[in-house]
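Position 1 is the first residue of the sequence, and the numbers go up from there. Quick caveat: nothing in here was measured; it's all calculated off a predicted structure. Both ligands and their constituent atoms are indexed starting at 1 by order of listing.
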Amino acid sequence: MPGSFTRMDPRPDHGERSWRGSGRLKGHVALITGGDSGIGRAVAIAYAREGAHVAISYLDESEDAKDTESMILECGQQCLLLPGDISDPEHCRAIVAAVVEEFGRVDILVNNAAHQQLFNEIDEISDVEWQRTFAINIHAMFYLSKAAAKHMKDGGSIINTASINSDQPNPGLLAYATTKGAVQNFTAGLAQMLAGDGVRVNCVAPGPVWTPLIPGSFAAEKVSEFGASYPMGRPAQPVELASAYVMLAEPMSSYVSGATIAVTGGKPMI
Ligand code: NAD
């Protein structure tokens, strides 16, 4: 963990062949954590095709990141690759500074990176594992949002990736699900705090999505039935999440803030 989409079978669909842009984010600059693979890669491709320059942060999956970079450059947009560990507050501040240095601005922050591991008993969860899950999934969101909000002008947008686990915790993902509850709560609070500055804050809550996180954290028999219990009877492809992130980022959504958009294939959040 984190895994690589290049080794997944079947290969996920990030919209490489399907997303058609229409200038919805023309001239914007976006920073996407976890932008190399999975949902973050689909968002990076959609944002670039909609006219944004894109910076992507990821832990160390350089092959995935290089591939995503080439998709962004193909659209005629610029791409900045930012490897490193966002559990380090200094790294979070440094990557926001690097984006501002490179592009002179940051309009959109997508806090999307996360860590999860499955444990069936509380005794199996070490203190280190608990703290690392919080450091990556929620503390980094605070450091990055604080650093980016300073540079966001009226019209800025922060989009956080929550989960169906925000409201319906899987007990096997105790640490992860607890952080996802916090992500949704953080979003609702920060939206109120930044509303006066013209910065909108929202979250997307995915249901099951076919990304490296899944084979990386679940046993093979769980992977084979992943998403089957949802009303649509299947997991989403990453591209099916991208439209929510584009909608939340675009200027036409100027009154949407503090919201959770559920992309759960028909399963109610509560
Ligand atoms: P993914 O494996 O493609 O993405 C996870 C990303 O997090 C990777 O890009 C990885 O580099 C990054 N990351 C992990 N630890 C990091 C660290 N210490 N420093 C920097 N980056 C780090 O998986 P994904 O499913 O696309 O995950 C994206 C988001 O979607 C996550 O927030 C996840 O919780 C959420 N989500 C996924 C599902 C699903 O079924 N896949 C469901 C609900 C929510």
Side-chain angles (χ1 to χ4, degrees), residues 1-8 12-14 31-45 56-65 67-68 81-92 94-95 110-118 129 131-141 143-144 159-170 173 175-184 187 203-218 222-223 226-227 229-230 234-242 244-245 260-265 267 269:
M1 283 286 278
S4 166
F5 75 85
T6 57
R7 288 191 287 279
M8 290 176 72
D13 177 2
H14 309 93
L31 167 58
I32 305 171
T33 67
D36 60 303
S37 62
I39 296 169
R41 171 175 160 96
V43 174
I45 292 170
I56 60 177
S57 136
Y58 53 99
L59 187 59
D60 57 8
E61 308 95 301
S62 56
E63 194 186 342
D64 287 10
D67 194 291
T68 303
L81 297 184
L82 300 164
D85 190 344
I86 59 167
S87 70
D88 174 1
E90 284 310 325
H91 178 66
C92 292
I95 63 178
V110 180
N111 284 307
N112 169 71
H115 167 78
Q116 73 173 34
Q117 277 300 338
L118 193 72
E129 172 66 18
Q131 286 161 10
R132 183 152 177 78
T133 308
F134 273 72
I136 297 167
N137 296 9
I138 186 72
H139 298 166
M141 194 169 282
Y143 305 132
L144 287 160
I159 303 166
N160 302 321
T161 303
S163 169
I164 184 89
N165 281 282
S166 300
D167 286 343
Q168 297 191 32
N170 173 348
L173 295 172
Y176 169 85
T178 305
T179 66
K180 291 297 179 177
V183 168
Q184 202 180 17
T187 301
C203 60
V204 177
V209 190
W210 182 235
T211 72
L213 198 64
I214 303 312
S217 52
F218 293 122
K222 284 267 181 218
V223 172
F226 184 63
S229 66
Y230 278 63
R234 64 170 180 88
Q237 291 296 326
V239 64
E240 295 179 282
L241 276 292
Y245 290 82
T260 300
I261 309 281
V263 185
T264 52
K267 183 163 176 163
M269 280 291 281

Task: Partner of T161 under side chain to side chain contact (heavy atoms under 4.5 Å, CB included), chosen from N112, L241, N111, T33 - done: N112

- [ ] Would you check the N or O atoms of K180, main chain and side chain alike, for any that come under 3.5 Å of an N or O of ligand 1?
- [x] yes

- [ ] Using a cut-off of 6.0 Å, state whether more than 12 heavy atoms not belonging to E63 lie near its atom CD.
- [x] no

Task: Within-cut-off N or O pair, L59 and ligand 1, under 3.5 Å - done: yes

Task: atom 35 (C) of ligand 1 [closest protein heavy-atom partner, distance rounded to 0.1 Å] - done: T161 CG2, 3.5 Å

TODO: If you have a sec, work out which protein heavy atom is nearest atom 43 (C) of ligand 1 and how many Å separate them, to one decimal?
DONE: P206 O, 3.4 Å

Open item on the list: Taking D13's backbone N and O only, do any of them form a donor-acceptor pair with Q237's side chain (distance below 3.5 Å, no angle check)?
Closed with: yes

Open item on the list: Within the structure, is a non-hydrogen atom of P208 found at a distance of less than 4.0 Å from ligand 1?
Closed with: yes

- [ ] Among all protein heavy atoms, pick the one closest to atom 6 (C) of ligand 1 and tell me residue, atom and distance.
- [x] G34 CA, 3.7 Å

Open item on the list: List ligand 1 atoms under 4.0 Å from D85, heavy atoms only on the residue side.
Closed with: 17 (C), 18 (N), 19 (N)

Open item on the list: Among all the protein's non-hydrogen atoms, which is closest to atom 27 (O) of ligand 1, and how far away is it?
Closed with: L213 CD2, 4.0 Å

Open item on the list: Could you check whether any heavy atom of F226 sits closer than 4.0 Å to an atom of ligand 1, since that is the contact criterion I want to use?
Closed with: yes

- [ ] State whether the side chain of D60 and the backbone N or O of P83 hold a donor-acceptor pair below 3.5 Å, judged by distance alone.
- [x] no

Task: Option whose closest heavy atom lies nearest to atom 12 (C) of ligand 1, chosen from P12, A113, C92 - done: A113

Open item on the list: Hydrogens and angles aside, do D64 and S4 bring a side-chain donor and acceptor to less than 3.5 Å of each other?
Closed with: yes

- [ ] Answer yes or no for T33: is there a heavy-atom contact with ligand 1 below 4.0 Å?
- [x] no

Task: Atom pair CZ/CD of F218 and Q117 - distance to nearest 0.5 Å - done: 9.5 Å

Task: Side-chain donor or acceptor of T264 paired with backbone N/O of G207 under 3.5 Å - done: no

Task: Under 3.5 Å: donor-acceptor pair, side chain of E61, backbone of L59 - done: yes

Open item on the list: When you compare ligand 1 with S87, is there at least one nitrogen or oxygen pair between them that comes in under 3.5 angstrom?
Closed with: no

TODO: Find the distance between SG (C92) and NE2 (H139) and round it off to the nearest 0.5 Å.
DONE: 11.5 Å

TODO: Starting from atom 14 (C) of ligand 1, find the nearest protein heavy-atom neighbour and note its residue, name and distance.
DONE: A114 O, 3.6 Å

- [ ] Look at atom 4 (O) of ligand 1 and find which of G38, S37, A162 reaches it with the closest heavy atom.
- [x] S37

- [ ] Report the distance from atom CG of N160 to atom NZ of K180, rounding to the nearest 0.5 Å.
- [x] 9.0 Å

Task: Sub-3.5 Å N/O-N/O distance, G35 and ligand 1 - done: no

Open item on the list: How far is atom 19 (N) of ligand 1 from the closest protein heavy atom, and which atom is that?
Closed with: I86 N, 3.0 Å

Task: Heavy atom of the protein closest to atom 40 (O) of ligand 1 (residue, atom name, distance) - done: V209 N, 2.8 Å

Task: Short N or O distance, I39 and ligand 1, threshold 3.5 Å exclusive - done: yes

Open item on the list: In this structure, does ligand 1 have an atom that sits under 4.0 Å from one of the heavy atoms of G207?
Closed with: yes

Task: Heavy atom of G84, distance to ligand 1 below 4.0 Å - done: yes

Task: Straight-line distance of T178 OG1 to N137 CG, nearest 0.5 Å - done: 10.5 Å

TODO: Using a 4.0 Å heavy-atom threshold (strictly under), name the region of I214 that reaches ligand 1: side chain, backbone, both or neither.
DONE: side chain

Task: Residues D85, R132: salt bridge by 4.0 Å N-O rule - done: yes

Task: Numbered atoms and elements of ligand 1 in range of D36, under 4.0 angstrom, heavy atoms - done: 8 (C), 9 (O), 11 (O)

TODO: State if Q116 counts as touching ligand 1 under the rule of any non-hydrogen atom under 4.0 Å.
DONE: no

Task: Note: E240-R234 ion pair, threshold 4.0 Å (strictly below) - done: yes

Open item on the list: Working to the nearest 0.5 angstrom, can you tell me the gap between S166 OG and Y176 OH?
Closed with: 8.0 Å

- [ ] Please could you name the atoms of ligand 1 that R132 approaches to less than 4.0 Å, counting only its heavy atoms?
- [x] 18 (N)

Open item on the list: Below the 3.5 angstrom mark, is there an N/O of G40, backbone or side chain, next to an N/O of ligand 1?
Closed with: no

Open item on the list: Please determine whether side chain to side chain contact (heavy atoms under 4.5 Å, CB included) holds for the pair Y143 and H91, giving the CA-CA distance in whole Å, both sets of side-chain angles, and the decisive distance to 0.1 Å.
Closed with: CA-CA 9 Å; Y143 305 132; H91 178 66; over 6 Å; no

TODO: Could you tell me whether ligand 1 has any atom less than 4.0 Å away from a heavy atom of Y176?
DONE: yes

Task: Distance filter under 4.0 Å to N112 heavy atoms, resulting ligand 1 atoms - done: 28 (C), 29 (C), 30 (O), 31 (C), 32 (O)

Task: Minimum heavy-atom distance between I261 and A244, given as atom pair plus value - done: CG2-CB, 4.2 Å

Task: Between OG1 on residue T179 and NE2 on residue H115, distance to nearest 0.5 Å - done: 9.5 Å

TODO: Report yes or no: does a heavy atom of E61 sit under 4.0 Å from some atom of ligand 1?
DONE: yes

Task: Region of T211 that comes within reach of ligand 1 [heavy atoms, distance under 4.0 Å] - done: side chain

Open item on the list: Can you tell me if R41 contacts ligand 1 (heavy atom of the residue under 4.0 Å from the ligand)?
Closed with: no

